[in-house]
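Scroll down for the structure; my scribbles are underneath it.
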Amino acid sequence: MTLFLSCEPLALRRDCIPTVRSWFVGEWPAWYGPGGPGDIDADLRAFAASANALPLGLLVLQDGQAIGAGALKTESIPSHRHLGPWAAAGYVLPAHRGKGVGAFLLQALVAQAGELGHAFVYCGTSTAQSLLERSAWQLLDSTTLQGKPLGIYRKAA
């Protein structure tokens, strides 16, 4: 099956903010849920503030319907503040996982970083190592964040 996917900045599709909010809260309840340290509304306002400056959010669309989202941020991992920008908050609807949508989203984030003049993009993950490695990201470092092992990856923009 061939997927016909596109990406649009969240800044141009603010109508999708409530959907992305529900995705992120559902996927990362310890961070964005009640009592979590994250501020979902502040993050989404930041991700939707601009289509051409960091931070920014991207939506993956299939036939005009949002099926995934991600962001480029200036900072992500506290121990690696000297690196950036970061591909972060990558989410794909469960029904669309394993079909190349996550790789498409990562490629779009890297391309956007390149358009903004960045030479590299970084990503920290404890769950998506195989996706990053299949997409030719280079493992730079390993660390621990909130008690979980975390790989720090880099890709040329």
Side-chain angles (χ1 to χ4, degrees), residues 1-77 84-118 120-137 145-146 148 150-151 153-157:
M1 177 174 109
T2 302
L3 292 178
F4 295 100
L5 302 174
S6 62
C7 274
E8 283 190 43
L10 187 57
L12 302 180
R13 289 293 308 265
R14 288 192 171 100
D15 61 300
C16 292
I17 290 173
T19 299
V20 175
R21 184 185 199 288
S22 69
W23 292 347
F24 286 10
V25 171
E27 187 74 7
W28 300 294
W31 184 258
Y32 284 129
D39 185 338
I40 185 65
D41 295 316
D43 283 353
L44 289 174
R45 274 193 306 275
F47 298 159
S50 176
N52 56 16
L54 298 180
L56 64 83
L58 286 181
L59 292 169
V60 178
L61 305 170
Q62 183 177 30
D63 298 325
Q65 292 294 115
I67 62 169
L72 277 176
K73 301 170 30 172
T74 55
E75 291 183 8
S76 183
I77 309 301
W86 293 83
Y91 177 85
V92 174
L93 283 171
H96 296 275
R97 293 177 185 169
K99 299 177 182 177
V101 177
F104 179 83
L105 174 59
L106 279 171
Q107 181 180 350
L109 290 168
V110 169
Q112 184 67 43
E115 288 177 23
L116 295 175
H118 298 281
F120 295 98
V121 179
Y122 298 86
C123 186
T125 186
S126 62
T127 59
Q129 300 90 333
S130 63
L131 171 60
L132 292 171
E133 290 167 7
R134 283 192 316 270
S135 298
W137 288 67
L145 184 64
Q146 299 176 338
K148 292 182 182 179
L150 194 72
Y153 289 82
R154 177 177 80 173
K155 181 152 181 144

Could you state the interatomic distance from OG1 (Thr127) to CG (Leu131), rounded to the nearest 0.5 Å? 9.0 Å
Check ion pair Arg21-Asp41 (N to O, under 4.0 angstrom): yes
Validation row: Leu56, Leu10 side chains within 4.5 angstrom (heavy atoms): no
Begin from the C-alpha positions of Ile77 and Tyr122 and carry the test side chain to side chain contact (heavy atoms under 4.5 Å, CB included) through to its verdict. CA-CA 10 Å; Ile77 309 301; Tyr122 298 86; over 6 Å; no
Pairwise distance CG(Leu145) to OG1(Thr125) - rounded to 0.5 angstrom: 11.0 Å
Can a cation-pi geometry be assigned to Arg154 and Phe120, taking NZ or CZ under 6.0 Å from the six-membered ring centre and within 45° of the ring axis? yes
Asp39 and Tyr32: side-chain donor and acceptor closer than 3.5 Å? no
Glu133 atom CD, over 12 foreign heavy atoms within 6.0 Å: yes
Heavy atoms only: give me the nearest Cys7-Val60 pair and the separation to one decimal. SG-CG2, 4.0 Å
Does Leu106 reach the side chain of Val121, with side-chain heavy atoms less than 4.5 Å apart? no
Does this structure show an ion pair linking Arg97 with Glu27, if we count only N-O contacts that are shorter than 4.0 Å? yes
Which atoms form the tightest heavy-atom contact between Leu150 and Gly124, and what is the distance? CD1-C, 3.8 Å
Separation between CZ (Arg14) and CZ (Arg45), nearest 0.5 Å, reads 12.0 Å
Which pair of heavy atoms, one from Ala87 and one from Leu109, lies closest together, and at what distance? CB-CD1, 4.0 Å
Over all atoms of both residues, closest heavy-atom pair of Ala11 and Ala49: CB-C, 4.4 Å
Side chain to side chain contact (heavy atoms under 4.5 Å, CB included), that's the test. Do Lys73 and Leu54 meet it? Break it down for me. CA-CA 6 Å; Lys73 301 170 30 172; Leu54 298 180; over 6 Å; no
Could you tell me how the ring of Tyr91 sits relative to the ring of Phe24: parallel (under 30°), tilted (30 to 60°) or perpendicular (over 60°)? perpendicular
Pro37 side chain near Trp31 side chain, heavy-atom distance below 4.5 Å: yes
Quick one: does Glu8's side chain get under 4.5 Å of Leu58's, heavy atoms only? no
Does the side chain of Leu59 come within less than 4.5 Å of Ile67's, by heavy atoms? no
Would you indicate whether the side-chain heavy atoms of Gln129 and Leu132 approach each other to under 4.5 Å? no
Grab the two heavy atoms, one from Ala89 and one from Phe47, that are nearest each other, plus how far apart they are. CB-CE1, 4.5 Å
Can you tell me how far apart OG (Ser22) and CD1 (Ile17) are? Round to the nearest 0.5 Å. 12.0 Å
Separation of Trp137 CH2 from Cys123 SG (nearest 0.5 Å): 5.5 Å
Between Thr74 and Trp86, is any pair of side-chain heavy atoms under 4.5 Å apart? no
Taking every heavy atom of Ser135 against every heavy atom of Lys155, the minimum-distance pair comes out as O-NZ, 2.5 Å
Got a second to check how far Phe104's CZ is from Gln62's CD, nearest 0.5 Å? 10.5 Å
